[in-house]
Number of protein chains: 2
Amino acid sequence: MKKTAKQAPRARGPGAAARAVLDAAEALAQTRGYNGFSYADIAARLGVTKASLHYHFASKAELGRALIERYHAGFAAALEAIDQATDEPGAKLERYVALYDAVVRNDRMCLCGMLAAEHATLPEPMQRQLRVFFDANERWLAAVLEQGCRTGRFTCSARASERARVLLGALEGAMLVARSYGDPQRFRAAADFLLADLCKAAPGAAPQARARARPG
Amino acid sequence: MKKTAKQAPRARGPGAAARAVLDAAEALAQTRGYNGFSYADIAARLGVTKASLHYHFASKAELGRALIERYHAGFAAALEAIDQATDEPGAKLERYVALYDAVVRNDRMCLCGMLAAEHATLPEPMQRQLRVFFDANERWLAAVLEQGCRTGRFTCSARASERARVLLGALEGAMLVARSYGDPQRFRAAADFLLADLCKAAPGAAPQARARARPG
DNA sequence: GTCTATAGGCAGATAGAC
DNA sequence: GTCTATCTGCCTATAGAC
């Protein structure tokens with residue numbers, strides 16, 4: 001079933017090169033920001049020239065657009081996976097936080113949180129994409145909080161969508177500040193605090209709220 | 001009492017030019033980030049040439065250092081003013097939030113929050129200054145929370161310093177995300193939620209928690 | 001203190017060979 | 001798809017006149 005051996009690069013499948021560019025750009029954007037990296041940085045990581053990058057993404061604005069698009073799609077898939085893995089609101093939130101915790105432990109910041117800081121300097125399409133990402137996150141979180149409210153799992157103060165907005169901002173901010181200390185534990189501790197607060201009025205109802213994906 | 005009329009520029013006092021440079025750079029850094037502005041931008045705003053800026057700040061790294069230094073000093077003075085204006089922990093927190101609210105209403109982001117996003121690209125002296133700023137804020141907040149705990153003004157869960165850290169991160173994150181929507185009200189609403197949470201277990205003890213400095 | 005002029009480098013981007 | 005070569009423009013920074 002082997003294709004002609006000459007086509008080794010093609011063997012990785014179509015779009016593999018573009019994906020490699022996105023991977024490198026994503027890592028750079030999440031650590032240094034959109035204004036903090038250049039085509040030269042990506043080219044150096046991949047061992048190719050700057051010119052070849054323009055074959056896949058004609059402009060940096062187009063690359064940035066594709067970056068958010070893929071990131072959002074991946075995040076949406078992760079949220080769907082959570083919904084299918086469990087119905088328990090507390091477990092959902094714990095897994096949601098775990099998504100960000102993985103990002104932080106990888107010495108990165110949420111891509112969209114990072115880009116939000118640079119908002120004023122971004123091409124307008126990217127600005128719109130950021131709002132779409134945050135809106136989707138808030139909607140998902142609001143639904144989880146609302147469910148937790150109904151079932152008595154969480155402190156119920158209604159206004160789930162406002163609480164979702166605060167929670168998302170708090171998680172982004174915890175990542176932001178933690179970066180200055182190079183200490184992933186700082187994020188995890190803040191996240192645990194935020195999760196615990198949701199259960200404050202329902203003691204004993206937060207059994208595994210502090211479960212870890214990995215040993216501390 | 002007039003000086004010789006020839007010295008009009010000097011009349012603004014020594015260092016006035018340097019201060020004007022810092023003012024312009026600060027506004028740019030808080031809206032576009034450290035990597036999002038150049039000497040050319042500052043020069044254009046002040047109506048001078050790029051070269052003249054180097055007389056006051058030899059390098060951009062030195063300018064950045066001076067930027068954080070002055071910002072932190074101003075913030076420290078504001079915190080001291082709050083301490084002298086009131087002893088009530090709730091009022092202190094309300095005034096603390098008002099400091100950030102003024103920043104947001106000015107279409108800016110906290111300078112250090114903005115720079116925290118760009119942390120990986122900053123000169124090492126600036127990186128250290130960021131930690132100093134956040135540490136000072138956390139200490140002040142922790143003292144206020146601790147006092148509110150003792151007096152029963154706030155929900156008392158001990159661990160004031162951890163709660164202070166979460167609160168600071170949450171405020172920075174609320175600013176960060178609100179920027180993408182260009183809506184200052186988004187920050188204020190999140191801040192009110194955070195303040196209200198501190199009083200959740202002490203209903204009726206949060207009379208003016210939602211007081212505004214200006215009409216909405 | 002501010003200017004003109006310029007250096008030296010890196011940015012994003014394009015043309016055209018292979 | 002990737003390369004070499006190159007363009008244009010902006011960046012930080014410096015020299016030296018006024």
Side-chain angles (χ1 to χ4, degrees), chain A residues 3-25 28-29 32-67 115 118 120-126, chain B residues 3-25 28-29 32-67 115 118 120-126:
Chain A
K3 300 284 175 77
T4 54
K6 283 284 180 63
Q7 293 178 327
R10 200 64 157 76
R12 280 170 292 162
R19 242 177 292 126
V21 175
L22 284 173
D23 289 341
L28 285 162
R32 304 177 56 88
Y34 183 75
N35 297 324
F37 76 92
S38 69
Y39 271 41
D41 295 318
I42 305 171
R45 288 197 176 199
L46 299 183
V48 299
T49 59
K50 288 187 294 173
S52 72
L53 301 179
H54 284 280
Y55 172 82
H56 302 286
F57 302 98
S59 69
K60 196 182 178 183
E62 161 58 18
L63 171 60
R65 198 205 53 74
L67 225 38
L115 297 180
E118 301 173 292
T121 72
L122 299 179
E124 202 254 340
M126 292 179 69
Chain B
K3 299 283 176 76
T4 53
K6 284 283 179 67
Q7 293 178 327
R10 198 66 154 77
R12 282 170 292 163
R19 242 177 292 125
V21 174
L22 284 174
D23 289 341
L28 285 162
R32 304 177 55 89
Y34 183 75
N35 297 323
F37 77 92
S38 71
Y39 271 41
D41 296 318
I42 305 171
R45 289 197 177 199
L46 299 182
V48 298
T49 60
K50 290 184 290 174
S52 72
L53 301 179
H54 285 279
Y55 172 83
H56 302 285
F57 302 97
S59 69
K60 196 182 177 185
E62 161 59 17
L63 171 60
R65 198 204 53 73
L67 225 40
L115 297 180
E118 300 174 292
T121 71
L122 299 179
E124 202 254 340
M126 291 179 68

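Within every chain, numbering begins at 1; the chains are lettered A, B, ... in the order of the sequence lines, protein sequences first and strands thereafter. When reading the values below, keep in mind they use all heavy atoms of this one structure, side chains included, and skip hydrogens, waters and symmetry mates.
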Student: Whole angstrom is fine here: how far is it from OH in B:Y34 over to P in D:dC11?
Tutor: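 B:Y34 atom OH is separated from D:dC11 atom P by 14 Å.
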Student: So which atom in B:N35 and which in A:G36 form the shortest heavy-atom distance, rounded to 0.1 Å?
Tutor: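 Looking at all heavy atoms of both residues, the shortest contact is ND2-CA, 4.3 Å.
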Student: Pull out every residue in residues 35-45 of chain B that has a heavy atom closer than 4.0 Å to any atom of DNA chain D, ordered by number, or say none.
Tutor: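 The stretch gives B:F37, B:S38, B:Y39, B:A40 as the residues lying under 4.0 Å from the strand, ordered by number.
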Student: Round to a whole Å and report the spacing from CG of A:L46 to C1' of D:dC3.
Tutor: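 My rounded result for the distance is 15 Å.
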Student: Where do B:Y34 and B:K60 come nearest, in terms of heavy atoms and distance?
Tutor: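 For B:Y34 and B:K60, the tightest heavy-atom pair comes out as O-NZ, 2.7 Å.
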Student: Which pair of non-hydrogen atoms, one from B:L22 and one from B:A66, has the smallest distance, and what is that distance?
Tutor: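 Result for this residue pair: CD2-CB, 4.0 Å.
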Student: Which atoms form the tightest heavy-atom contact between B:R65 and B:M126, and what is the distance?
Tutor: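 That would be N-CG, 4.0 Å.
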Student: Could you pull out the closest heavy-atom pair between B:F57 and B:Y39, with the gap in Å?
Tutor: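 Shortest heavy-atom contact: O-OH, 3.0 Å.
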Student: Taking only side-chain N and O atoms of B:H56, does any of them lie within less than 4.0 angstrom of OP1 or OP2 on C:dT2?
Tutor: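 So the side chain of B:H56 is within the cut-off, an N or O lying under 4.0 Å from OP1 or OP2 of C:dT2.
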Student: Look only at the side chain of A:E118 and the backbone of A:G33, and say whether a donor-acceptor pair between them is shorter than 3.5 Å.
Tutor: no
Student: OP1, OP2 of C:dG1 versus side-chain N and O of B:Y55: anything below 4.0 Å?
Tutor: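 B:Y55 to C:dG1 OP1/OP2: side-chain N or O found under 4.0 Å.
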Student: Counting only side-chain heavy atoms from C-beta out, which of D:dT12, C:dC3, C:dA13 sits nearest to B:V48?
Tutor: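 Given the options D:dT12, C:dC3, C:dA13, the side chain of B:V48 is closest to C:dC3.
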Student: Measure NE2/B:H54 against C1'/C:dA5 and give the value in whole Å, please.
Tutor: 14 Å
Student: Might you point out which heavy atoms bring A:L122 and A:L115 nearest each other, and give the distance in Å?
Tutor: CD1-O, 3.5 Å
Student: Rounded to the nearest angstrom, tell me the gap between atom CD in A:E62 and atom P in C:dA13.
Tutor: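 Nearest whole value for this atom pair: 11 Å.
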Student: What's touching nucleotides 4-6 of chain D from the protein side, N or O pairs under 3.5 Å?
Tutor:
none

Student: Using distance only, find each side-chain donor-acceptor pair of residues 47-55 of chain A under 3.5 Å and give its atom names and separation, not counting sequence neighbours.
Tutor:
from, atom 1, to, atom 2, distance (Å)
A:S52, OG, A:T49, O, 2.9
A:H54, ND1, A:A58, O, 2.8

